[in-house]
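Excluded from the calculations below are hydrogen atoms, water molecules and symmetry mates; all remaining heavy atoms, backbone and side chain alike, are included. Just so you know, ligand 1 is whichever comes first in the structure, and atom 1 is the first atom listed for that ligand.
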Amino acid sequence: MDTIIAYITEDLEENNKIYTNAAKILKEGGLVAFPTETVYGLGADALTEQAALKIYTAKGRPSDNPLIVHIADENALYELAESVDDNMLNLSKEFWPGPLTMVVKKKPCVPDSITGGLDTVAIRMPKHPVAKKLIAESGIYIAAPSANLSGKPSPTRGKHVIDDLVGRVDMIIVDDTVDIGLESTIIDISGEVPMILRPGYVTKKELENVLGEVQIDPAVMGSLAEGIIPKAPGMKYRHYAPKAGLIIVEAGTMDQSSVIGYINDETKRVQNEGKRVGVMAAKDNMNLYCADVVLPFGSSDNESLAAKDLYVALRQFDEEGVDIIYAESVTTKDVGLAVMNRLIKAAGHTIIKVDDVN
Ligand code: TXA
Ligand code: MG
């Protein structure tokens, strides 16, 4: 399949042509990748089963993994949700448009094949102007998972989408103003107590201010190996993973210099075996490492930057062809919980505490 690659620029007239063309493709049942404020999404008409199903083929995505439906205004809740309650309206008022996805009981018009057979649907109103414009211009609800091949890190740059999906989708809209860099927070409000299924930029504390008690799915930091099955089907797959093995190194009770010492000792040992080593480190620590490739991962005074850096670094290590990656860990406070949730998955739960090895 030929893929149209369209770049959003300052030229408003040209941009309008892109939206018109993209909307036409979507209405005819095609696939369009587009930027959102979290990560790039791969969109199709959510309520036309045959269109939405193409997403699974293009991504190589397992069919039991449901899609998020993207909307442009609150009225869509009344068309997609079985009933609209105060929690939905309050969350919408506080966080939409923005990086929050609500899981609610669905109406029959939402095809079972896009919800993996569940009786709930995930809904998000994105904030990114390109996403908003595309939903409004096409007049449909857009089902969109992250625009990566299944198993790869979510794309935060047009280049990532092109690497993964060219030849597999009808159009890719490029606008590299994706500023959060991690997927949305998913909150399930279909049950008794609201539960965070996937942490993101909207934190537990912020959700509690609106909803009262909020639980976190134990699978967020636990592992399948421990028998903990996540409630968001997509969270059980090996995800976000770079090609090289990834090891997280934590200080434990030691100080940060022990992490740097440990990683540098391991780096030399592994380099002696003829392998290339990558390190992800807080910006202010980067020059202290002797690895072949050292990439930024937040900074000591602004750990939320780590969210923006994570997927960019994982993809860059793939390109650099490193054999092993060591990552500093970040705090699990606030948005740090989302960062560590993705990092731990990318590392397949391989975490070394320096005080255990000394
Ligand atoms: O920021 C985002 O959420 C991005 C952008 C494009 O909006 N989208 C995204 O979609 O990350 P995706 O498909 O990569 O992740 C959706 C997650 C999956 O883990 C899926 O299992 C879960 O949401 N999910 C979708 N519908 C669900 C439902 N009804 N119940 C529980 N989990 C659901
Ligand atoms: Mg995804």
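Geometrically, ligand 1 and Arg61 share a nitrogen or oxygen pair separated by less than 3.5 Å. Geometrically, ligand 1 and Arg198 share a nitrogen or oxygen pair separated by less than 3.5 Å. At a 3.5 angstrom cut-off on N or O pairs, Val103 does not count as close to ligand 1. In terms of polar-atom proximity, defined here as any N/O pair under 3.5 Å, Thr36 makes no such contact with ligand 1. Considering backbone and side-chain atoms alike, Lys231 places every N or O at 3.5 Å or more from each N or O of ligand 1.
Scanning Ala144, Ser190, Gly41 for the heavy atom closest to atom 8 (N) of ligand 1 points to Ala144.
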Step-by-step side-chain hydrogen bond (donor to acceptor under 3.5 Å, both in side chains) determination, Thr203 to Asp334: CA-CA 6 Å; Thr203 62; Asp334 301 330; 4.7 Å; no
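For a distance bound of 2.8 Å, the N, O or S atoms of Ser154 include none lying that close to the Mg ion (ligand 2).
Linking Ile, Leu, Val, Met, Phe, Trp and Tyr whenever their side-chain heavy atoms come within less than 4.5 Å puts Leu100 and Leu67 in one cluster.
Proximity to Gly234 (heavy-atom distance under 4.0 Å) selects the following atoms of ligand 1: 18 (C), 19 (O), 20 (C), 21 (O). Which parts of ligand 1 touch Asn65 is read off a 4.0 Å heavy-atom cut-off, strictly below it: atoms 18 (C), 20 (C), 21 (O). Here is the list of ligand 1 atoms found below 4.0 Å of a heavy atom in Thr38: 1 (O), 2 (C), 4 (C), 5 (C). Applying the 4.0 Å criterion to heavy atoms of Ser146 picks out, from ligand 1, the atoms 8 (N), 9 (C), 10 (O), 12 (P), 14 (O). In the vicinity of His70, heavy-atom distances shorter than 4.0 Å reach the ligand 1 atoms 5 (C), 6 (C), 7 (O). Proximity to Thr120 (heavy-atom distance under 4.0 Å) selects the following atoms of ligand 1: 28 (C), 29 (N), 30 (N). Distances below 4.0 Å separate heavy atoms of Ser184 from the following atoms of ligand 1: 1 (O), 2 (C), 3 (O). With ligand atoms numbered from 1 in the order given, ligand 1 contributes 28 (C), 29 (N), 30 (N) to contacts under 4.0 Å with heavy atoms of Leu118.
Among all heavy-atom pairs drawn from Pro66 and Asp64, the shortest one is CD-O, 3.2 Å.
The existence of a salt bridge linking Glu74 and Lys93 is excluded, since no basic side-chain nitrogen approaches an acidic carboxylate oxygen closer than 4.0 Å. A salt bridge is defined here as a Lys NZ or Arg NE, NH1 or NH2 lying under 4.0 Å from an Asp or Glu carboxylate O, and Glu273 with Arg269 meets this definition. The pair Asp163-Arg315 fails the salt-bridge criterion, with no side-chain N (NZ, NE, NH1 or NH2) lying under 4.0 Å from an Asp/Glu carboxylate O. Glu183 has no carboxylate O lying under 4.0 Å from a charged side-chain N of Arg124, or vice versa, which leaves the two without a salt bridge. Between Arg276 and Glu320, at least one side-chain N (NZ, or NE/NH1/NH2) sits under 4.0 Å from a carboxylate O, which counts as a salt bridge.
In summary, the side chains of Glu14 and Tyr7 do not present any donor paired with an acceptor at a separation below 3.5 Å, with no hydrogens or angles considered.
Within the 4.0 Å heavy-atom criterion, the part of Ile68 lying near ligand 1 is the side chain and not the backbone. Only the side chain of Arg124 comes within 4.0 Å of ligand 1, judged by heavy-atom distances. Residue Ile186 touches ligand 1 through its side chain alone, judged by heavy-atom distances below 4.0 Å. At a 4.0 Å heavy-atom cut-off, ligand 1 touches Leu197 through the side chain alone.
Through direct or relayed side-chain contacts under 4.5 Å between Ile, Leu, Val, Met, Phe, Trp and Tyr, Phe34 connects to Ile4, Ile8, Ile18, Tyr19, Ile25, Leu26, Val32, Val130, Leu134, Ile135, Ile140, Ile142, Met171, Ile173.
Contact annotation: Lys106 has no heavy atom less than 4.0 Å from any atom of ligand 1.
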With a cut-off of 3.5 Å and sequence neighbours excluded, list every side-chain donor-acceptor pair involving residues 39-47.
unit_1	atom_1	unit_2	atom_2	d
Tyr40	OH	Gly158	N	3.4
Tyr40	OH	Asp175	N	3.0
Tyr40	OH	Asp175	O	3.2
Tyr40	OH	Asp176	OD1	2.8
Asp45	OD1	Leu47	N	3.1
Asp45	OD2	Thr48	OG1	2.7

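Between the side chain of Asp292 and the backbone N or O of Val277, at least one donor-acceptor pair lies under 3.5 Å.
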